[in-house]
Amino acid sequence: MPFRLLNSRMVEAQVVPGQRLFSQRGAMLAYKGDVSFTPSITGGQGGVMGMIGRRIANEATPLMTVEGNGTVMFGHGGHHVHVIELSGDTLYVEADRLLAFDGTLQQGTMFMGSQGGVMGMVRGQVTGQGLFTTTLKGHGAVAVMAHGGFIELPITPQRPVVVDPQAYVAHRGDVRNKLTAALGWREVVGRGSGEAFRLELSGTGTVYVQASEEKL
Amino acid sequence: MTSPVIHDASTLPSNDNVNPYAFSVDLKGQWFLQKGKMIAYYGQINFHGIGHGPLDRLIAGSFHSPLHAADWVVAEGQGKMLLADRSFDVNSYDLEDGNLTVRSGNLLAFEPTLSLKQSIIPGFLTLIGTGKFVAASNGPVVFVEPPIRVDPQALVGWADCPSPCHHYDHQYMRGVMGGVRRLTGLGGASGEEHQFEFVGAGTVLLQSTEQLMDEIATGDGPPPEAGVPPHASHGNQPMTPRLPGQLGDLQRRFGL
Amino acid sequence: MAQFRLQGSKVLAVDMNGDAVKAKNGSMVAYEGDMTFKKLTGGGDGLRGMVTRRLTGEQMEVMEVKGHGTCYFADRASEINLVTLSGETLYVEASNLLCTDSSLRTGTTFTGLRGASQGNGLFTTTVEGTGQAAILSDGSAIVLRVTPQLPLQVDPGAYIAHTGRLKQHFQSGVNFRTFIGEGSGEAFQIRFEGDGLVYVQPSERNTIGGDI
């Protein structure tokens, strides 16, 4: 477990030789020891194809590789930081929410449309983050940012959860997402221009919702 | 449901935090305050502008940053006074015959037993002596010990250790990406390639984000003089030589 | 009656069992169960309330949420404070009111000069009755008691709400003669006298008043 929360907005990571981390560019606040930071367009995995994929997916949040032997402190924009542990399952998260994560996690991008049909495709447009969402899979920890911190809501087959797409942070588990435009929904989710959408998550898993309708 | 704590003049803490964002001063005499930071008070308290009237002697003894004077007032009297700053985290610090240097925008208030001077590092103020002061930070403060390298924007201040020096990360400049950056100018100007390096014994104060609080001008500093480092008129940007291809804030904003 | 509880300090969870609450427009972040959302005009006071609001400029866009399940509200990561009313009146700036039990009546009242200094209009929202309300603050609010022996001075920008029988008036207790002409000349405070509670936030909206 390389991440330790120092307070609600700052996380400390141990870097040991042979184990690298990825972090968002510009998120390093301080470090001790012999640590190097290398910008990486591809996020270190996926090669050129991954890179192009990301370009198209507009998931171009620049990452850097963190390697060496020491301690690094991360924080960004005053946003609250949460550490999510993965044990073999997959986390779906928008790339600019990622503060730092274990290099051992398998990265991918998922076309949201493949899950939610035509409306699923729109989700990215609504949240302004492209049609693709980053997936992280494997065993390791992820430090995720949220405006004002987030709450975890369990999703069960009996209890689907409806979320304001602007307040959606991430989800995990065997979850289907469905995006619909609802009449009169504008008043409910407020802010922004254009159509108002509701994001419905059903299945079994967890959704992370932030305490704000503002995107990062 | 738990009902909220209700405070009055007697139950408000004495020179301590009410919550992470507000500090209660038990005023018996005088305190220096930055303007705009008092949110409420009980008791008989008067506020005086600096550089005027009966407090000249006090100011001569404790306030050595003449160009700041317009941003500060002296609170005088008896009572409890609440201080806060845009819901940033607020902390008090006790100095015992010590010195601590803090980013000028972060300092909220201090006891007149301390004396305030302009640091040789642009944008920072130094407090010397024995007493209490109150400072804000964007996110809670983390205390670390040298040797350490910090993103200049995350630095709140430092105590007892020598002033920092600049450190440039050459690893970051090397290799394919470094080359691309040198050729195209793409690639960043973020904390990962330039840090403040602290060595020696002491304590370094970091805030939890690289986003600075609004700066309070430290004034123009002394006139140009041989052997005295120039003082930035806006203490915001540390005086670093710009690397080739750097666009400063723009690049950072666009994440290049 | 709908049950209000805080999930952390910035998310309000309301458990409903067929009953309803009024909430600030756009503040829903998630819900489970069956909910209906209905936009209310003029703060839910019907036509008369709406007309008053037009006149007073105290704009509170409100929706009614009704159903079975749990609804989660949040507003720009502001801190949320619960206030339980048992018959008394809560005076609060409209922008600071997040959610009220539907059994509470909301209205508008003239507050005199304070509103003017904040640019919030001359009127304040009142909430009265028995039930729970949730108010917003920038940073966790501090509740300060005022008694006849202990009046309280508050920066207009840090004031968010009060309850009880309080008289308020402006005072300019600051000696800034030296700086006349520097734009930071005068500072105002609101002085509260009487018996009641004042909610202040550890932050200041921009005011033409509070320069201390």
Side-chain angles (χ1 to χ4, degrees), chain B residues 1-13 17-24 33-56 59 69-77 79-90 108-109 136, chain C residues 3-6 9 77-79 81-84 132 135 137-147 149-159 163 172-180 182-185 187 189-192 197-207 209-212:
Chain B
M1 184 203 138
T2 52
S3 51
V5 184
I6 296 166
H7 292 285
D8 62 29
S10 57
T11 62
L12 276 175
N17 276 68
V18 186
N19 64 32
Y21 319 107
F23 184 85
S24 167
L33 292 188
Q34 206 187 99
K35 277 188 198 171
K37 309 305 179 200
M38 193 280 298
I39 57 166
Y41 70 88
Y42 287 106
Q44 293 300 316
I45 300 178
N46 289 310
F47 299 91
H48 303 274
I50 284 185
H52 171 76
L55 298 168
D56 266 356
I59 288 154
D71 300 322
W72 288 78
V73 289
V74 177
E76 190 181 31
K80 289 273 179 70
M81 184 166 67
L82 292 179
L83 308 179
D85 188 7
R86 293 161 286 167
S87 76
F88 286 118
D89 287 74
V90 169
L108 256 59
Chain C
Q3 286 301 311
F4 286 43
R5 59 192 162 85
L6 290 180
S9 60
S78 299
E79 299 274 336
N81 311 273
L82 293 181
V83 183
T84 306
Q132 282 182 301
I135 57 177
S137 58
D138 185 10
S140 22
I142 300 163
V143 192
L144 296 169
R145 186 183 295 286
V146 178
T147 61
Q149 295 77 40
L150 268 178
L152 173 73
Q153 285 73 220
V154 175
D155 183 285
Y159 165 85
T163 60
S172 123
V174 190
N175 172 4
F176 271 154
R177 276 165 300 180
T178 353
F179 296 106
I180 289 173
E182 287 198 24
S184 52
Q189 292 132 23
I190 326 171
R191 186 178 166 91
F192 286 95
L197 300 175
V198 178
Y199 292 75
V200 296
Q201 64 182 7
S203 170
E204 299 176 319
R205 282 171 285 226
N206 283 336
T207 66
D211 223 357
I212 291 212

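Owing to the predicted nature of the structure, the values given are computational and were not obtained by experimental measurement. In what follows, every chain begins at residue 1, and chains take the letters A, B, ... in the order their sequences are listed.
Between B/Tyr21 and C/Ser203, the closest side-chain pair of non-hydrogen atoms is not below 4.5 Å. Counting heavy atoms from C-beta outward, B/Leu82 and C/Ile142 have side chains that approach closer than 4.5 Å.
No more than 12 heavy atoms of other residues, nucleotides or ligands lie within 6.0 Å of CZ in C/Arg145, so this atom counts as exposed by the packing criterion.
Contact annotation for C/Leu197: only side-chain heavy atoms (C-beta onward) come within less than 4.5 Å of a heavy atom of chain B. For C/Glu79, the part sitting under 4.5 Å from any heavy atom of chain B is the side chain, from C-beta outward, and nothing else. Proximity to chain C is absent for every atom of B/Leu83, based on heavy atoms less than 4.5 angstrom apart.
Interatomic distance, CD of C/Gln153 versus CE of B/Met81, reported as 12.5 Å (0.5 Å rounding). Separation of atoms NZ (B/Lys80) and CG (C/Leu152) is listed at 12.5 Å; rounding is to 0.5 Å.
With no hydrogens or angles considered, a side-chain donor-acceptor pair links B/Tyr41 and C/Gln189 at under 3.5 Å.
Between B/Ile39 and C/Pro202, the shortest heavy-atom contact is CD1-CA, 3.9 Å. Here the closest non-hydrogen pair linking C/Asp155 and B/Met38 is CB-O, 3.6 Å.
For the options C/Asp138, C/Val154, C/Leu6, heavy-atom pairs under 4.5 Å to chain B are most numerous at C/Asp138.
With hydrogens and angles ignored, the 3.5 Å screen pairs a side-chain donor or acceptor of B/Asn19 with a backbone N or O of C/Ser140.
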